[in-house]
Number of protein chains: 2
Amino acid sequence: MPALSIGDLARRTGVPVETIRYYERMGLLPKPPRTEGNYRAYEAAHERRLAFVKRSRDLGFGLDAIRALLDLADGADRPCGEVDALARDQLAEVERKIADLTAMRAELQDMLGHCRADTVADCEIIGRLRGR
Amino acid sequence: MPALSIGDLARRTGVPVETIRYYERMGLLPKPPRTEGNYRAYEAAHERRLAFVKRSRDLGFGLDAIRALLDLADGADRPCGEVDALARDQLAEVERKIADLTAMRAELQDMLGHCRADTVADCEIIGRLRGR
DNA sequence: CTTGACCCTGTAGCGACTACAGGGTGCAGA
DNA sequence: TCTGCACCCTGTAGTCGCTACAGGGTCAAG
């Protein structure tokens, strides 16, 4: 495989060009070699690393957690307890958000279900936002 | 009721002092009168308005939407269709987020459920982040 | 040899706060 | 009366994860 330009990498991974440069600045991706014209020249290893980052982002991991995951992934012999802990923390966070949003959904549905008025004066939604 | 200081208002509404000042800068709260010593002096109406903002925030409305809701709430005779539309948009947004997070949760649970390895080399979690 | 797509760096903006720094105010106790 | 302390003020910068320029350079096709 020949070297990939940043645009090629963006198309292959679905990660925007600007975001790839951002990840590089943030230390998630190694600085790739440059061409004569100072263009970034990526290889397959870069693509794999970026795909790892993208999948982690899609699962909601923050960039700090991803840095940690990448470090761990690079040390094959290390025990994977830390990986487990990171995933567990992330799951807990996701569950917390789901709980919050589920409560919001119930309240919004209830408001909308009771909305029968024509004017703001007796609007159930406004009334509830006011606190009944 | 005597005038409330910003700290009193913060304690009564559960909104931090810094956030109250921020809402004022953003035009969600009117600029209150000041004491001789240049302290903000709030009345019951301010407290009601801030409570409205807080409840809306707790339901996930953005500050722009809240500004619109406040405007609508101030005009009692206007039809409440716009209020309805804002609430409906917010519900749709909340449902979209729940769907995303539910997918994340399933994937994270699945990863964690399959984690039986001792080392990173055969860690199921790392493997899946790598793309199997 | 020009056009246009791509690439480069550096900086500023988003939303909704949050956290200072560096000062002023006000009140209770010694 | 003085002093200490909690509170208040403004203004600015930082957070997170991008995203959007501005102002330039590179490169291949026509």
Side-chain angles (χ1 to χ4, degrees), chain A residues 2-29 31-42 46 50 52-70 89-90 93-94 96-97 100-101 104, chain B residues 2-29 31-42 46 50 52-70 89-90 93-94 96-97 100-101 104:
Chain A
L4 299 168
S5 74
I6 196 169
D8 295 335
L9 193 61
R11 270 182 294 280
R12 279 159 162 266
T13 58
V15 177
V17 166
E18 303 283 353
T19 304
I20 297 173
R21 285 196 280 249
Y22 173 72
Y23 287 162
E24 182 183 323
R25 278 205 304 287
M26 295 299 105
L28 291 174
L29 302 177
K31 299 196 176 189
R34 301 294 184 115
T35 65
E36 259 184 57
N38 197 33
Y39 285 17
R40 287 168 179 83
Y42 293 102
H46 293 102
L50 179 54
F52 185 106
V53 171
K54 181 176 171 25
R55 265 186 295 272
S56 304
R57 282 298 295 135
D58 288 347
L59 291 170
F61 285 97
L63 300 195
D64 283 354
I66 296 174
R67 241 184 307 265
L69 286 169
L70 284 165
D89 286 355
Q90 180 54 22
E93 183 65 16
V94 166
R96 206 189 47 71
K97 283 183 185 163
D100 285 356
L101 287 163
M104 289 182 200
Chain B
L4 300 168
S5 75
I6 195 168
D8 295 335
L9 193 60
R11 271 184 294 280
R12 279 159 162 264
T13 58
V15 177
V17 166
E18 302 285 351
T19 303
I20 297 173
R21 285 197 280 249
Y22 172 72
Y23 288 163
E24 182 184 323
R25 276 205 305 288
M26 294 298 106
L28 290 173
L29 302 177
K31 300 196 176 189
R34 301 294 183 114
T35 65
E36 258 185 58
N38 198 32
Y39 285 16
R40 288 169 180 82
Y42 294 102
H46 293 103
L50 179 54
F52 185 105
V53 171
K54 181 174 171 26
R55 266 188 294 274
S56 304
R57 281 299 296 135
D58 287 348
L59 290 170
F61 285 96
L63 300 195
D64 283 355
I66 296 174
R67 240 185 306 265
L69 286 168
L70 285 165
D89 286 356
Q90 181 53 22
E93 183 65 16
V94 166
R96 205 189 49 69
K97 283 183 186 162
D100 285 358
L101 288 163
M104 289 182 199

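The structure displayed is predicted, hence computed values, not measured ones.
Between A:V53 and A:L29, the shortest heavy-atom distance links the atoms CG2-CD2, 4.3 Å. Here the closest non-hydrogen pair linking A:P32 and A:Y42 is CG-CE2, 3.5 Å.
Residue A:F61 is out of contact with every strand shown, counting any heavy-atom pair closer than 4.0 Å.
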Show me the protein contacts with nucleotides 22-29 of chain C, counting only N or O atoms at under 3.5 Å.
unit_1	atom_1	unit_2	atom_2	d
C:dG24	N2	B:Y39	OH	2.7
C:dT25	O4'	B:Y39	OH	3.3
C:dT25	O2	B:Y39	OH	3.2

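Note that CD1 of A:I20 is 11.0 Å distant from NE2 of A:H46, once rounded to the nearest 0.5 Å.
When rounded to the nearest whole Å, the span between CD1 of A:I20 and C1' of D:dA20 equals 16 Å. For the pair A:E93 CD and D:dG17 P, the computed distance is 11 Å after rounding to whole Å. Look at CE on A:M26: it is 13 Å from P on D:dG14, rounded to the nearest Å. The separation between B:Y22 atom OH and D:dA13 atom P is 17 Å, rounded to whole Å. In this structure, A:Y42 atom OH and C:dC6 atom C1' are separated by 14 Å, rounded to whole Å.
By the 4.0 Å N-to-carboxylate-O rule, A:E18 lies close enough to A:R21 to be salt-bridged with it.
Of the two residues contacting DNA chain C, namely B:D64 and A:R11, the nearest-nucleotide position lying further toward the 5' end is that of A:R11.
Among the nucleotides C:dC7, D:dT19, D:dT12, the one closest to the side chain of A:R25 is D:dT19.
Phosphate contact (OP1/OP2 of D:dC7, side-chain N/O of B:S5, threshold under 4.0 Å): absent. Close to D:dT10, at under 4.0 Å from its OP1 or OP2, lies no side-chain N or O of B:R21. Within the structure, a side-chain polar atom (N or O) of B:R40 is placed less than 4.0 Å from OP1 or OP2 of D:dT10. Distances shorter than 4.0 Å separate none of the side-chain N or O atoms of B:R57 from OP1 or OP2 on C:dG15.
Distance alone, capped at 3.5 Å, is enough to place a donor-acceptor pair between the B:R67 side chain and the B:M26 backbone.
Under the rule for a salt bridge (charged side-chain N to carboxylate O under 4.0 Å, His left out), B:D89 has no partner lying at least two apart in sequence or in another chain.
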